[in-house]
Structures are given as structure tokens and as C-alpha cells.
Amino acid sequence: METATIKDIAKALNLSTSTVSRALRGSYEINPETKRIVLECAEKLNYRPNPIALSLKENRSRAIGVVVPEIDNPFFSQAINGIEAIAYNRGYHVVIFQSHESYDREVVNIQHLASRRVDGVLISLSGQTTHVEHLKELHTKGMPIVFFDRFSDEINTHKVVADNYQGAFEGTEHLINSGKKHIAHLAASPTLSITRERISGYKAALEKHGIPYNEDFVKYCNFSIEDMEKVIDELLSQPILPEAIFTVSDRLAMACLKILKKRNIRIPEDMALMGFSNLKVAELLSPSFTSVIQPALEMGQRAAELLLDLVEKKSKSPAYQTVTLPTELVIRDSTKTASE
């Protein structure tokens with residue numbers, strides 16, 4: 001199928017090619033109704049931007065870089081889907097790197113992206129990242145950078161995040177309302193923004209219901225089975241056993257499930273178990289997982305839109321914003337009581 005050109009769209013709508021071009025780029029100079037009409041016509045005529053022609057014309061690479069901790073994490077893979085959808089529709093390629101939760105690899109990834117002269121960077125920080133000089137330097141030189149999910153307050157730019165505090169609050173409160181008072185929380189690296197926000201929500205729910213905070217019930221861990229087994233055994237050796245475990249991610253919850261079954265602990269009869277993310281197979285597991293769902297796809301889309309707006313300088317003095325997207329608590333068998 002032949003793809004249409006900007007001239008074809010202009011002719012069909014009786015508009016100038018310059019108006020169509022600016023509308024397709026999302027320019028603030030074009031009113032929203034005109035943009036809508038142009039985009040609908042572009043889709044109908046199968047218009048697709050030519051990145052090579054655009055890069056030559058605009059002296060840009062028409063590529064953006066994305067750095068995530070791990071692509072095989074369902075949350076990040078869904079976020080990348082959202083990023084790529086927006087980038088493709090606006091004529092950009094996406095270059096993806098993984099830090100594997102390593103600060104050193106994150107620095108190397110950023111250096112590679114800078115050498116490839118990408119037009120902007122989307123990043124979710126690694127679990128080891130405690131300072132962001134490598135990003136500050138790039139940002140100071142004019143590289144547009146947008147954080148998503150995990151961020152640093154040291155750089156003044158857009159951030160797109162889930163409402164981690166509220167999600168953790170609602171998840172913990174659900175466990176309390178199910179009759180659990182001794183609730184453990186398995187957290188990620190203490191340096192991460194998501195860790196601090198989720199622990200704050202967890203603490204707030206305990207406080208609301210008059211349950212004392214027990215620091216021995218909060219464990220920081222990585223994603224290795226060896227580390228998880230150590231953490232679980234520490235929890236099981238407490239004078240008072242936890243009645244529920246609320247993990248920072250569904251991946252940790254799955255590891256917990258495997259380890260607890262090896263310890264002959266039944267879920268949810270002996271201990272309730274909850275995750276925080278959006279593992280697609282959560283409802284297919286035995287038992288099915290209760291989880292706080294993050295809007296990963298939307299997060300990726302919003303972050304990409306904000307980055308490309310910076311790249312295309314739609315505002316000479318951008319008002320940087322933190323976009324906080326709501327989470328959703330989905331209750332399944334892993335936290336249900338016998339009466340439910």
C-alpha cells in the first residue's frame with residue numbers, strides 16, 4: 001500500500017502544506033480542531049512520516065533514547081510499548097538500553113546515547129543510582145530529559161509517575177480490612193523514589209488503623225532468589241510472624257510465592273500475599289495475585305509526549321510538571337479470607 005504525503009493531506013483538506021506539517025508535529029500555533037482533522041485524514045490516507053527526510057531537513061536524528069532497568073520486567077515492557085507508539089506516530093525512532101539495575105551501566109548507556117546524538121532521553125533510574133551527575137551534565141548541555149516511574153529531584157524537568165503513595169496505602173489498608181495486623185513490606189533499593197513513596201503509603205495506612213510500625217517487617221532486597229530466600233527466612237524467624245506480605249512488585253511476589261511454598265506456607269490460608277505492578281499472568285497463577293496496578297502504557301505515552309514537546313520546543317520556557325497517574329487495586333485470591 002502506498003503511503004500518502006503531506007501534499008496529499010493538504011489537497012484533501014484544502015489546507016496549505018505548512019499548516020498540515022505543523023499540525024502533524026503538534027505545533028501550538030495550530031488550533032486543536034485543525035490538528036484533529038489533519039490527524040484523522042493522515043490516518044485515513046495511511047500517512048507515515050519519513051524519518052530520514054525529516055532528519056535531513058531539521059538537522060535532528062529523529063531518534064530518542066530510552067533507559068530502563070530491565071526490559072523483561074512487564075511494567076517496563078508495557079511502558080516501552082507506550083513510548084514507541086507515540087514516537088512512531090510523530091516520526092521518531094526509539095533506541096532502548098537496559099541498566100540491569102546498575103549505576104555504572106546506566107552511565108555507559110547515557111554516554112552511548114549522547115554519542116549517537118539522540119534528540120532526547122527518557123529514563124527510569126537504576127536501583128544503584130544515588131547521584132545523577134551524568135544526567136545533569138547532559139541536561140546542562142541542552143539535552144531534553146524526562147523521568148518516568150523512578151526519578152531524581154536534582155534535575156528540573158518533566159516527571160511521569162504512578163501514585164505510589166496512594167497505591168501502597170490502599171493495598172495495605174485492604175490487608176488490614178481483611179483482618180491482618182502484622183504486615184511485612186518487601187521494598188526495593190532505599191535510594192529509589194518509588195521505594196520511599198510506597199513505604200510512606202504503607203506507614204500511613206498502619207497509622208490510620210492504630211497499628212504500630214515495626215521496622216523489622218520492612219526488608220530491602222534485590223530480585224535474586226538467593227537474596228529473597230534470606231529475606232523470607234528473616235521474616236519467618238521473627239518472634240511474631242507476619243500475617244501478610246506486601247511486595248514492591250509482582251516479580252518479588254512471585255519469588256515470595258515460590259519460596260513460601262517450599263517452606264510449606266499456604267497462600268492465603270497461612271499468609272496473604274500482594275504485589276505492586278501489572279503482571280499480566282497474575283490472575284492465572286495459583287492462587288491468583290492481588291495487586292496494585294500501575295498504568296504502565298499510559299505512563300510511557302505521557303512521558304514520550306512530554307519529551308517530544310521539549311525536543312520540538314513547543315514552548316520556549318517550558319513549565320516542567322510532575323504527572324501523577326492513579327493506580328488501581330485489583331483483589332484476587334492471594335489475599336482473600338475464608339469468609340470471602
Locate the shortest heavy-atom distance separating L138 from A114; write the atom from each residue and the value.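 The answer is CD1-CB, 3.7 Å.
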
Looking at every non-hydrogen atom in both residues, tell me the closest pair between R150 and G127 and how far apart they are.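 Nearest heavy atoms, R150 then G127: NH1-N, 3.6 Å.
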
Is there a donor in the side chain of [X] and an acceptor in the side chain of [Y], or the other way round, less than 3.5 Å apart?
X: S16; Y: T19; result: yes
X: S102; Y: S99; result: no
X: T327; Y: Q294; result: no
X: E305; Y: Q301; result: no

Cationic N near anionic O, under 4.0 Å, [X] to [Y]:
X: K219; Y: E234; answer: yes
X: E312; Y: R22; answer: no
X: D270; Y: R263; answer: no
X: K141; Y: E137; answer: yes

Are F148 and H158 close enough that their ring centers fall under 6.0 Å?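 Aromatic pair excluded; centres sit 6.0 Å or further apart.
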
Evaluate the side-chain proximity of [Y] to [X]: yes if any heavy-atom separation is below 4.5 Å, no if none is.
X: I245; Y: T247; value: yes
X: L273; Y: T335; value: no
X: L125; Y: S152; value: yes
X: R198; Y: F276; value: yes
X: M271; Y: L236; value: yes
X: F76; Y: I71; value: no
X: Y320; Y: L310; value: yes
X: L257; Y: M254; value: no

Other residues, nucleotides, ligands: >12 heavy atoms within 6.0 Å of [X] [atom1]:
X: E43; atom1: CD; answer: no
X: K136; atom1: NZ; answer: yes
X: R116; atom1: CZ; answer: no
X: E40; atom1: CD; answer: yes
X: Q321; atom1: CD; answer: yes

Side chain [X], main chain [Y], donor-acceptor under 3.5 Å:
X: T17; Y: I6; result: no
X: T34; Y: I30; result: no
X: D309; Y: L307; result: no
X: S124; Y: D149; result: no
X: S21; Y: S18; result: no
X: T195; Y: S189; result: yes
X: R332; Y: F289; result: yes
X: N109; Y: Q98; result: yes
X: S126; Y: Q128; result: yes
X: S178; Y: H174; result: yes

Just jot down the salt bridge (Lys or Arg N to Asp or Glu O under 4.0 Å) partners of K7, sequence neighbours excluded, or say none.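 In terms of salt bridge (Lys or Arg N to Asp or Glu O under 4.0 Å), with neighbours along the sequence ignored, K7 is linked to no residue.
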
So, using side-chain contact (heavy atoms from CB on, under 4.5 Å) as the criterion, who are the partners of E269 when residues are at least two apart?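 Testing E269 for side-chain contact (heavy atoms from CB on, under 4.5 Å), a comparison that skips the adjacent residues, returns R266.
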
Out of the candidates I232, V248, D227, only one should pair with C221 under the side-chain contact (heavy atoms from CB on, under 4.5 Å) rule; please name it.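 So, applying the side-chain contact (heavy atoms from CB on, under 4.5 Å) to C221 and each of I232, V248, D227, only D227 qualifies.
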
Quick one: do F97 and V94 end up in the same hydrophobic cluster if we chain Ile, Leu, Val, Met, Phe, Trp and Tyr together by side-chain heavy atoms under 4.5 Å apart?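 No, F97 and V94 fall in different hydrophobic clusters.
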
Is V38 reachable from L45 through a run of I, L, V, M, F, W or Y residues, each pair having side-chain heavy atoms under 4.5 Å apart?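 Yes, L45 and V38 fall within the same hydrophobic cluster.
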
Let me check something: any side-chain donor-acceptor pairs from residues 79-88 under 3.5 Å, sequence neighbours excluded? List them with distances.
| from | atom 1 | to | atom 2 | distance (Å) |
| --- | --- | --- | --- | --- |
| Y88 | OH | R48 | NE | 3.2 |

For salt bridge (Lys or Arg N to Asp or Glu O under 4.0 Å), just list the numbers for E226 and K230, CA-CA rounded to whole Å, side-chain angles, deciding distance to a tenth of an Å, and then say yes or no. CA-CA 6 Å; E226 294 79 10; K230 177 183 176 183; over 6 Å; no

For Y92, is the NZ or CZ atom of R62 found under 6.0 angstrom from the centre of its six-membered ring and inside 45 degrees of the ring axis?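 Yes, a cation-pi geometry holds between R62 and Y92.
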
Give the ring-plane orientation class for [X] versus [Y], where under 30° counts as parallel, over 60° as perpendicular and anything between as tilted.
X: F217; Y: H182; answer: perpendicular
X: Y213; Y: Y202; answer: perpendicular
X: Y103; Y: H134; answer: perpendicular

Checking side chain to side chain contact (heavy atoms under 4.5 Å, CB included) for the pair T290/K336: CA distance, chi angles, key distance, verdict? CA-CA 9 Å; T290 293; K336 288 185 178 179; 5.8 Å; no

